[in-house]
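Working notes, structure below.
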Number of protein chains: 2
Amino acid sequence: MKIGELAEISGFSTKTLRFYESIGLMPAANREANGYRSYQDDSLRRLAFISNAQSAGLSLKEIGEILAIRSSGVTPCEHVYQLLLAHRESIEAKIAELEDLQSELASLISYAESFSPESCDDGQVCSILSRKPNSVKFAKFQH
Amino acid sequence: MKIGELAEISGFSTKTLRFYESIGLMPAANREANGYRSYQDDSLRRLAFISNAQSAGLSLKEIGEILAIRSSGVTPCEHVYQLLLAHRESIEAKIAELEDLQSELASLISYAESFSPESCDDGQVCSILSRKPNSVKFAKFQH
DNA sequence: CTTGACATTCCAGCTTAGTGGAAGGTGTAC
DNA sequence: GTACACCTTCCACTAAGCTGGAATGTCAAG
């Protein structure tokens, strides 16, 4: 199978497939006499795995590590499990962060809605965004 | 005030201050006879605004636009309000996305916990991550 | 006179996951 | 023989927000 077919079937672009090879995520493909890459079904299986792992939110680097463990003959189960736990943690943290941001935004928005532009203070850029002092150091510069 | 002092007070590094100037977020600073940048309190006010706007999740580009509107003499209230609404939307979407990912992770993790490595299939990279077929095209390569 | 802390410019690199495009070789059909 | 699709390599570039470092200049103290 040539790279175009593999791309077609796998859903990865030919660019991406070459890129994956270049970063070692895919092994160097066998070449035909004319220099074209030649793939077997195992490439497709590997790409299926990459695709699965990506949709679990793993980075290419992490996926590469799993693949490396696997090809060293060890089952990567424990490593994968630890990765998943770590990801759950970091996603949890990101969600919390975004929710904080969301409530900050909500408060700014409701302030903006109760706000008349006429009351803008010329001494600052934006009364809506400058409502809260965000550091002691800045305090005296935010009236 | 020299750049080091401004950095100290504002909490932005000197690198960052020069960077902000280079991208037009801060105006070109006045120079002393020796070529050193010389700042007044208005720089501090502008940085306070930037800091506030950043903590509202706005990008430097968006902050720059607000500053540009402001310096064109128009009050940026409406623009800021629209930006905040748009951000609320996109944060909402991001949270939803992360929550989907989180439930996906949770299901993979609980599968992993009920899983014995002995049952690993040698034909695939990882039974945990390969549990769900993620595309029809891949179906026949994931047993 | 030298040391040290500051300042200047400019160029490079980081992160991630690719994409775009140029210049050229290959293979098949008309 | 020429069009056209496909393949090759390589280099540059994207977003965002900086950070590091080199080479050099300035200024005050001892």
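Throughout, protein chains are lettered first and strands after them, A, B, ... in sequence-line order, and every chain is numbered starting at 1.
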Report task. Apply side chain to side chain donor-acceptor pair (under 3.5 Å) to A:E97 and list each qualifying residue two or more places apart in sequence or on a separate chain. Result -> none
Report task. Please report, rounded to the nearest Å, how far the P atom of D:dC18 is from the CD1 atom of B:I23. Result -> 8 Å
N/O to N/O distances under 3.5 Å, protein versus nucleotides 13-16 of chain D:
none

Query raised in the report: Can you name the side chain to side chain contact (heavy atoms under 4.5 Å, CB included) partners of B:S59, sequence neighbours left out?
Result: B:K61, B:E62
Requested in this report: Check whether any side-chain heavy atom of A:V74 lies under 4.5 Å from a side-chain heavy atom of A:H79, and answer yes or no.
Outcome: no
Query raised in the report: Does a side-chain N or O from B:T16 land closer than 4.0 Å to OP1 or OP2 of D:dG17, or not?
Result: no
Report task. Give, ordered by number, those residues of residues 25-37 of chain B having at least one heavy-atom distance below 4.0 Å to an atom of DNA chain C; if nothing qualifies, reply none. Result -> B:R31, B:G35, B:Y36, B:R37
Query raised in the report: Checking all strands, does B:I3 fall into the base, sugar-phosphate, or nothing category for heavy-atom contacts under 4.0 angstrom?
Result: sugar-phosphate
Report task. Walk along DNA chain C from 5' to 3' and tell me the first and last nucleotide with an atom closer than 4.0 Å to a non-hydrogen atom of chain A. Result -> C:dA17 to C:dG27
Report task. For A:T14, enumerate each residue passing the side chain to side chain donor-acceptor pair (under 3.5 Å) test, keeping only those at least two apart in sequence or located in another chain. Result -> none
Report summary line: Sorted by chain and number, sequence neighbours left out, side chain to side chain contact (heavy atoms under 4.5 Å, CB included) with B:S71 holds for none
Query raised in the report: Does the A:Q102 side chain pair with the main chain of B:R88, one donor and one acceptor, at a distance under 3.5 Å?
Result: yes
Query raised in the report: In Å, rounded to the nearest 0.5 Å, how long is the span from CG of B:L6 to CG of B:L17?
Result: 5.0 Å
Query raised in the report: With A:Q82, which residues qualify under side chain to side chain contact (heavy atoms under 4.5 Å, CB included), at least two apart?
Result: A:E78, A:L85
**Report entry** Non-neighbouring partners of A:K94 that pass side chain to side chain contact (heavy atoms under 4.5 Å, CB included), sequence neighbours left out
**Finding:** B:L98
Query raised in the report: Taking atom CD1 of A:I128 and atom CG of B:N52, what is their separation to the nearest 0.5 Å?
Result: 12.5 Å
Requested in this report: Measure from CZ on A:F19 to C1' on D:dC11 and round the result to the nearest Å.
Outcome: 15 Å
Query raised in the report: How bent is the helix from C:dC1-D:dG30 to C:dC30-D:dG1, comparing axes over its five end pairs at each side, to the nearest 10°?
Result: 40°
**Report entry** First of B:K15 and B:K2 reached from the 5' end of DNA chain C, by closest nucleotide
**Finding:** B:K2
Query raised in the report: Within the structure shown, what part of the strands sits under 4.0 Å from A:Q54 by heavy-atom distance: base, sugar-phosphate, or nothing?
Result: sugar-phosphate
**Report entry** Apart from B:Y36 itself, residues in the same hydrophobic cluster as defined by side-chain heavy atoms under 4.5 Å
**Finding:** none
Side chains of residues 19-31 of chain B: which donor-acceptor partners sit under 3.5 Å, not counting sequence neighbours?
unit_1	atom_1	unit_2	atom_2	d
B:E21	OE1	B:R37	NE	2.9
B:S22	OG	B:F19	O	2.7
B:R31	NH1	B:G35	O	2.8

Query raised in the report: About how many Å separate OG of A:S55 and CG of B:L108, when rounded to the nearest 0.5 Å?
Result: 8.0 Å
